[in-house]
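Accompanying notes for the structure given below.
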There are 2 protein chains.
Amino acid sequence: MEEYNVLVVDDDKEIRDVIGIYLKNEGIHVLKAEDGLEAIEVLRCHTVHLILLDIMMPRMDGIQTTFKIREQKNIPIIMISAKTEDMDKILGLQVGADDYVTKPFNPLELVARVKSQLRRYVTLGTYEKKNEVIDLNGLVLEQAEKRVSVNGEPVRLTPIEYRIVDLLMRNAGRVFSIHEIYERVWEEPSYNAENTVAVHIRKIREKIEIDPKNPRYLKVVWGIGYKIEK
Amino acid sequence: MEEYNVLVVDDDKEIRDVIGIYLKNEGIHVLKAEDGLEAIEVLRCHTVHLILLDIMMPRMDGIQTTFKIREQKNIPIIMISAKTEDMDKILGLQVGADDYVTKPFNPLELVARVKSQLRRYVTLGTYEKKNEVIDLNGLVLEQAEKRVSVNGEPVRLTPIEYRIVDLLMRNAGRVFSIHEIYERVWEEPSYNAENTVAVHIRKIREKIEIDPKNPRYLKVVWGIGYKIEK
DNA sequence: GAAAAAATGAAGGATTTCTTAAGAAGGCTG
DNA sequence: CAGCCTTCTTAAGAAATCCTTCATTTTTTC
């Protein structure tokens with residue numbers, strides 16, 4: 001659900017794909033490149049927040065690529081390497097990498113490192129960060145912190161509740177049918193979901209509305225679905 | 001006090017620059033010198049909070065420089081060296097280095113060490129003679145002495161335990177997630193850290209709480225993290 | 001006023017999060 | 001090397017919570 005783009009540069013398609021799957025699970029958008037030249041190309045056309053770079057690549061290797069990238073942009077680079085000896089090469093050059101991972105690596109650990117770097121660079125404001133806070137008449141959604149508050153008063157939502165609010169607030173004003181909500185939050189076909197969603201809606205209102213009977217934020221559109229006013 | 005000045009002393013311009021970039025990313029102001037003599041010169045004219053010193057330099061080497069600096073000021077020095085033999089470390093530290101990094105090094109790690117030293121010296125009151133004592137309902141943290149006591153009864157904490165308590169007491173009332181705690185105490189991405197932190201929390205409670213089952217100080221906020229009440 | 005749609009309340013079982021214990025791994029010291 | 005201390009890992013159970021279902025009531029629309 002985050003708004004980050006990570007570029008994975010590796011000549012091994014399988015590795016690219018595996019990394020891609022794990023990152024996507026975290027809501028991170030993944031771009032892929034097969035080698036350094038392709039990576040530079042991608043950087044020209046896309047906003048990239050972090051680069052995962054395999055050091056051993058054809059055409060242009062990781063070290064050269066790092067130099068090229070650093071000439072242009074100061075975005076975090078995490079290096080991936082097969083051997084400890086390669087690591088030494090990287091470190092010997094003492095440039096570029098913000099972190100590094102040796103193969104074989106644990107994908108979850110890699111994801112943790114990616115997120116850590118992203119968080120660090122975002123808070124430092126090294127690159128312009130997207131506005132991750134949506135404020136709708138006092139109802140505030142902080143996407144980065146995954147938190148919601150009403151007039152400054154923090155509200156504790158359960159994971160499902162949060163995802164519903166997130167969906168409705170990101171698309172404020174648009175009406176979502178119960179089935180749409182179910183399919184986008186639960187990510188599975190909505191069989192017999194009417195009441196389930198309704199109950200969650202109620203719980204959410206209980207938490208974010210001053211008067212749940214006369215909801216100010218989370219409104220029903222009769223016969224169609226629910227929405228949060230823009 | 002947020003503005004730190006770090007002096008980087010190295011005859012290799014590229015290394016100076018790379019280090020400079022990383023420190024600036026952390027909001028640290030960077031001064032540079034090419035060798036020991038220049039460093040001494042800079043110290044005369046500027047406030048410097050920490051020195052990064054390459055051991056191998058022309059004119060005046062790192063060891064000599066350290067002596068010279070120590071004659072005048074007691075500021076933290078982190079040595080950088082290509083030598084990895086233990087003897088060198090010992091020599092460097094005996095001479096007065098507070099920390100020691102061998103080339104090739106990970107810039108991130110270097111930054112972490114710099115920040116760690118700065119934090120330590122600041123809290124120790126080396127710069128400002130503040131013996132800050134935090135007293136939260138009988139739970140007392142003496143930062144200068146790095147000691148904790150409960151109702152006058154001294155408590156012996158391990159280094160990690162101390163850092164956790166320090167973090168929570170300095171930010172009393174604020175809730176820290178397990179990942180936040182891990183990243184701020186361990187200074188690395190929190191992969192698989194849940195239980196590690198949890199165990200330390202338990203150990204701390206065992207030491208500072210009268211009834212660890214019903215903690216009076218170190219409280220859990222369900223689903224969010226831990227805090228120490230203001 | 002009847003039918004459809006939406007809201008509510010309560011209860012259980014499932015799931016997540018926390019706590020606790022015990023032992024392994026690693027470092028330091030005599 | 002042995003013993004001690006700190007830290008980390010594993011695992012199992014406890015506690016808190018979350019989710020769904022069902023039964024029922026209220027509201028809206030025609």
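The chains referred to below are lettered A, B, ... by the order of the sequence lines, with proteins before strands, and numbering in each begins at 1.
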query: Pick the nucleotide of DNA chain D nearest each of A/Lys207 and A/Lys213; which residue has the one closer to the 5' end?
result: A/Lys207
message: The side chain of A/Val199 is closest to which nucleotide in this list: D/dT20, D/dC8, D/dC5?
response: D/dT20
task: Quick one: label A/Thr158 by what it contacts on the DNA or RNA (base, sugar-phosphate, nothing), any heavy atom closer than 4.0 Å.
output: sugar-phosphate
message: Quick check for you: among D/dC18, C/dA7, D/dC19, whose closest atom lies nearest to any side-chain atom of A/Val220?
response: C/dA7
field: Residue of the set A/Ile228, A/Asp166, A/Asp135, A/Val133 for which side-chain contact (heavy atoms from CB on, under 4.5 Å) holds with A/Leu141
entry: A/Asp166
query: Quick one: does B/Asn195 reach the base of D/dC8 with a side-chain donor-acceptor pair under 3.5 Å?
result: no
query: Within this structure, what is the CZ-to-C1' distance between B/Arg202 and D/dA14, rounded to whole angstrom?
result: 14 Å
- prompt: Roughly how many Å is it from CZ in B/Arg163 to C1' in D/dT7, rounded to a whole number?
  reply: 14 Å
task: Starting from P on C/dA6, measure out to OH on A/Tyr226 and report it in whole angstrom.
output: 6 Å
- prompt: Is A/Arg216 paired with A/Asp211 through a side-chain N to carboxylate O contact shorter than 4.0 Å?
  reply: no
query: Whole-Å distance between C/dA7 C1' and A/Leu218 CG?
result: 13 Å
- prompt: Which whole-number value in Å describes the distance from A/Glu188 CD to D/dC19 C1'?
  reply: 12 Å
statement: Ranking D/dT9, C/dT17, C/dT20 by distance to the side chain of B/Trp222, first place goes to C/dT17
query: When all nucleic acid strands are considered with a 4.0 Å heavy-atom cut-off, which category describes B/Ile201: base, sugar-phosphate, or nothing?
result: nothing
message: Is the phosphate of D/dT7 approached by B/Thr196 (side-chain N or O, under 4.0 Å from OP1 or OP2)?
response: no
query: Can you tell me how far C1' of D/dC5 sits from CD1 of B/Ile160, to the nearest Å?
result: 13 Å
Salt-bridge present (B/Lys203, B/Glu161; N to O < 4.0 Å): no
- request: Rounded off to whole Å, could you give me the CD-to-P distance for the A/Glu209 and C/dT8 pair?
  value: 11 Å
query: When all nucleic acid strands are considered with a 4.0 Å heavy-atom cut-off, which category describes A/Lys203: base, sugar-phosphate, or nothing?
result: nothing
query: Are OP1 or OP2 of D/dT6 and a side-chain N or O of B/Arg156 less than 4.0 angstrom apart?
result: yes
field: For the student: nearest non-hydrogen atoms of A/Asp54 and A/Asp10, plus distance
entry: OD2-OD2, 2.8 Å
query: Quick one: A/Ile224 CD1 to D/dT29 P, roughly how many Å, whole number?
result: 11 Å
- prompt: If you pin A/Pro159 and A/Pro212 to their nearest nucleotides in DNA chain C, which one's is more 5'?
  reply: A/Pro212
- request: Would you name the heavy atoms of A/Glu142 and A/Tyr162 that are closest together and state the gap between them?
  value: O-OH, 4.1 Å
query: OP1, OP2 of D/dC8 versus side-chain N and O of B/His200: anything below 4.0 Å?
result: yes
